[in-house]
Amino acid sequence: MIHRSASGKALVCLGIESTAHTAGMAVASSKGEILTNVNAVYKAPMGQGIHPREAAQHHCDVLPTMLRRVIYKLDIGLDAVDCISFSSGPGLGPVLRTGATFARALALWLEKPLIPIHHAIGHIEIASLMTGAEDPLVLLVSGGHTSIAAFGDGFWRVYGETEDITLGNLLDVFAREAGLSFPGGAVIEDLAKKGRNYIELPYVVKGNDVSYSGLLTAALKRLKDGNGIEDVCFSLQEVAFSMLTEATERALAHTERKEVLLTGGVAANARLQNMINSIAQDHGAEAYVVPKEYSGDSGAQIAWTGILAFQSGVRVDVERSFVKPKWRLDEVRIPWR
Ligand code: AMP
Ligand code: MG
């Protein structure tokens with residue numbers, strides 16, 4: 001559906017992403033177009049994890065240049081922007097505050113409404129926009145999330161999740177400790193293709209939740225014990241993805257959804273796509289995968305969800321626009337679905 005403002009023009013939202021490694025800025029229209037999408041990823045020194053203060057400084061350095069690029073690429077002045085959206089959580093406090101400060105300043109300067117967006121809802125909405133999925137069971141797998149969710153009565157209901165670290169974190173920390181480059185997911189996927197031997201690893205599903213920390217420790221130990229990196233990557237993927245596929249299949253049987261939507265950075269993995277495809281087929285459901293360009297964190301997910309939220313009257317006063325580092329997906333009331 002094309003929404004328009006009172007003057008008849010399509011609505012335009014400038015969205016800012018800043019929850020973890022990625023600083024992003026994008027502009028979306030209510031026609032469902034991503035007019036521009038500029039992103040920059042902070043990389044920690046080799047062998048180290050994300051340092052929140054350093055990542056915040058990185059985002060602080062790149063956001064002003066991004067704004068200039070967005071204005072240049074957009075070919076419409078900032079006057080054309082109807083609202084400013086920003087990822088207000090969950091994420092790392094210092095990083096969230098950097099993006100929020102930038103968004104608040106823009107909203108005040110342009111005298112436009114400020115729209116707070118839950119980062120995970122952004123992953124779901126950009127995937128829905130790009131694939132056309134309407135009422136799916138969602139499998140969200142990224143650096144910050146590992147959740148199985150379906151929409152009902154105004155909220156995303158969680159049917160399974162990780163009890164400790166996320167799937168993206170499992171892959172990135174394994175890669176880091178194994179001396180591979182960041183981000184680890186794609187490197188592990190390439191190595192796994194050359195793996196020939198399955199090495200026993202702990203498969204931990206509790207109820208409909210998964211637990212990955214023991215798997216991480218065990219995979220690193222198998223590597224230290226002298227097993228080849230290709231075989232360990234292959235086995236790690238098989239176990240980690242199978243655990244989640246088992247839980248997703250149970251949720252699919254329970255919710256009887258006719259669509260499954262895979263989104264988040266790890267959705268780019270062909271082996272995971274393959275497993276999710278097979279359970280969808282078994283249950284007569286359609287499997288959808290977010291396009292690779294929009295799988296990882298981006299300004300686009302925040303700008304597009306900003307449009308949906310703005311049209312439903314979601315706003316926040318600058319004085320009350322606090323960030324929420326621990327905001328859960330199932331706490332957000334969604335008025336537009
Ligand atoms: P996000 O937090 O949504 O930006 O997603 C980032 C995560 O996606 C990181 O943990 C990456 O390692 C992971 N990722 C990216 N590409 C792949 C891939 N091909 N296979 C598995 N994980 C991936
Ligand atoms: Mg994310």
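Quantities reported herein were computed from a predicted structural model and do not represent experimental measurements. Numbering of ligands and ligand atoms starts at 1, following listing order. Index from 1, following the sequence. What's counted below: heavy atoms across the whole structure, side chains too, no hydrogens, waters or symmetry copies.
Using modelled atom types and a 3.5 Å distance limit, the side chains of His283 and Glu256 yield no donor-acceptor pair. For the residue pair Ser242 and Glu238, no side-chain donor N or O sits within less than 3.5 Å of a side-chain acceptor on the partner. Side-chain contact annotation: Ser321 with Glu319, donor-acceptor N/O pair under 3.5 Å absent.
Near Leu171, the atoms of ligand 1 lying under 4.0 angstrom from a non-hydrogen atom of the residue are 21 (C), 22 (N). Below 4.0 Å from some heavy atom of Ser142 lie the following atoms of ligand 1, by number and element: 1 (P), 2 (O), 3 (O). Below 4.0 Å from some heavy atom of Gly168 lie the following atoms of ligand 1, by number and element: 10 (O). Every atom of ligand 1 with a heavy atom of Gly296 under 4.0 Å away is listed here by number and element: 3 (O), 4 (O). Taking every non-hydrogen atom of Asp172 and a distance limit under 4.0 Å, the qualifying atoms of ligand 1 come out as 9 (C), 10 (O), 11 (C), 12 (O).
Annotation: His59 is not in aromatic contact with Phe102 [ring centroid separation under 6.0 Å not met].
In this structure, atom 2 (O) of ligand 1 lies nearest to the protein heavy atom Gly143 N, 2.9 Å. When hydrogens are left out, the protein atom nearest atom 19 (N) of ligand 1 is Glu189 OE1, 2.8 Å; that is the closest non-hydrogen contact. Of the protein's heavy atoms, Gly185 CA, 3.2 Å lies nearest to atom 22 (N) of ligand 1. Remark: minimum distance from atom 17 (C) of ligand 1 to any protein heavy atom is reached at Ala186 N, 3.6 Å.
Sorting the N, O or S atoms of Asp297 by how far they are from the Mg ion (ligand 2) puts OD1 first.
In summary, no N, O or S atom of His145 is located under 2.8 Å from the Mg ion (ligand 2).
The aromatic rings of Phe151 and Trp156 sit perpendicular, their planes meeting at an angle over 60°, well past the 30° parallel limit.
Applying the side-chain contact (heavy atoms from CB on, under 4.5 Å) test between Leu262 and each of Leu140, Asn269, Val141, Val290 identifies Val141 as the sole match.
The side-chain heavy atoms of Leu139 and Thr263, taken from C-beta on, include no pair separated by under 4.5 Å. Inter-residue side-chain proximity for Trp109 and Leu106 is flagged as met; some heavy-atom pair is nearer than 4.5 Å.
Of the charged side-chain nitrogens involved, at least one lies within less than 4.0 Å of a carboxylate oxygen, so that Asp82 and Lys9 count as a salt-bridged pair. The existence of a salt bridge linking Asp231 and Arg196 is excluded, since no basic side-chain nitrogen approaches an acidic carboxylate oxygen closer than 4.0 Å.
Looking only at distances, no side-chain donor or acceptor of Asp164 sits under 3.5 Å from a matching main-chain atom of Ser211.
Using 4.0 Å as the threshold, Ser295 has a heavy atom nearer than that to some atom of ligand 1. Using a 4.0 Å cutoff on heavy atoms, His123 counts as a contact of ligand 1. Distances shorter than 4.0 angstrom do not occur between any heavy atom of Thr22 and any atom of ligand 1.
The shortest N or O to N or O distance between Gly264 and ligand 1 is not under 3.5 Å. Residue Gly265 has at least one N or O atom closer than 3.5 Å to an N or O atom of ligand 1.
When non-hydrogen atoms are compared, ligand 1 lies under 4.0 Å from the backbone of Asp297 as well as from its side chain.
Here the shortest heavy-atom distance to atom 13 (C) of ligand 1, taken over Leu272, Asn269, Val266, belongs to Val266.
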